[in-house]
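Notes follow once the structure below has been shown.
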Amino acid sequence: MHNHHHFQILLMNQADTFRHRGMRKRLVELIKSRGISDAEVLRAMEAVPRHLFAFESAFIERAYEDNAFPIGEGQTISQPYTVAYQTQLLEVKRGDRILEVGTGSGYQSCILAEMNARIFTIERMKTLYEKAKKTLAWLGYSQVKCFYGDGYDGLPTFAPFDKILVTAAAPFVPENLIAQLRAGGILVIPVGAGELQVMKRFIKYSADEVKEEVYDYFKFVPLLPGKKN
Ligand code: SAH
């Protein structure tokens, strides 16, 4: 009886139903009312089933609220508004090569893949890296390349990138990441070692000309040094 019940919940969790799509539509309306205007960002958010990135039933039910939730290892999937905000700042173009630091659940990678970008994503926690790789394959986002490593290093082998997105709080702006942007490239990164971080956008015009823009305050989990198993 107990097992049967558990199996039913599992089946429900793995489906994208009419009800889930309805909740997603309302979430997108909310994000729009909060000021996100990029139609492609809103379309991607409506397309990706966020509840399939939750691993506990309590959070599956709440996946379409505008909140972060835990994904294990003390990490979180970012709040939908934050995902939309960072994605909008990236000005994603079809075919962009994008490096994401902090794969986490893989949700943000799917949003970028949905916008027809080519994604390279790094995660320092082995368990999250393994889990995200499976989720991405299962959802059919095979164009996302997952890497287990340290985001501070970037991915020199695959550089330069058109865009770089950091999804954890950086105490400072890693020089490697600026170096791995092509001329004309954009880095979006929440900066700050305290409770709150300020969203910054760097536009690299050339090797020695980088413009810095400052946006709103957000709360991210910290970017951690080095690798961990
Ligand atoms: N983009 C994710 C949310 C990321 S939360 C999503 O859509 O679900 C931040 C992630 O950054 C966590 O998974 C954390 O383990 C990872 N992280 C922290 N420090 C890192 C580092 N130095 N290099 C790579 N990933 C790191």
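Remember, it's 1-based here, ligands and their atoms both numbered in the order they're listed. The first residue in the sequence is number 1, and the count goes up from there.
- In this structure Arg34 satisfies the salt bridge (charged side-chain N to carboxylate O under 4.0 Å, His left out) test together with Asp66, sequence neighbours excluded.
- In this model, no donor atom of one side chain and acceptor atom of the other lie less than 3.5 Å apart for Tyr148 and Glu130.
- Neither side chain, Thr103 nor Gln108, offers a donor N or O lying under 3.5 Å from an acceptor on the other.
- In summary, the side chains of Tyr64 and His51 do present a donor paired with an acceptor at a separation below 3.5 Å, with no hydrogens or angles considered.
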Pairs under 3.5 Å, nitrogen or oxygen of ligand 1 with protein nitrogen or oxygen:
residue, atom, partner, partner atom, Å
ligand 1, 1 (N), Glu100, OE2, 3.0
ligand 1, 1 (N), Gly102, O, 2.9
ligand 1, 1 (N), Thr167, OG1, 3.1
ligand 1, 7 (O), Gln108, N, 3.0
ligand 1, 8 (O), Ser105, N, 3.0
ligand 1, 8 (O), Ser105, OG, 2.6
ligand 1, 13 (O), Glu123, OE1, 2.7
ligand 1, 13 (O), Glu123, OE2, 3.4
ligand 1, 15 (O), Glu123, OE2, 2.6
ligand 1, 19 (N), Leu224, N, 2.8
ligand 1, 22 (N), Asp150, OD1, 2.9
ligand 1, 22 (N), Leu224, O, 2.6
ligand 1, 23 (N), Gly151, N, 2.7
ligand 1, 25 (N), Arg124, N, 3.4

Extract all donor-acceptor atom pairs below 3.5 Å that involve side chains of residues 151-175 and protein atoms in other chains or at least two apart in sequence.
residue, atom, partner, partner atom, Å
Asp162, OD1, Arg182, NE, 2.3
Asp162, OD1, Arg182, NH2, 3.3
Asp162, OD2, Arg97, N, 2.7
Lys163, NZ, Leu90, O, 3.1
Lys163, NZ, Glu91, O, 2.7
Lys163, NZ, Asp96, OD2, 2.5
Thr167, OG1, Val101, O, 3.0
Thr167, OG1, Gly102, O, 2.9

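- For Lys25, the salt bridge (charged side-chain N to carboxylate O under 4.0 Å, His left out) partners two or more places apart in sequence, or in a different chain, are Glu46.
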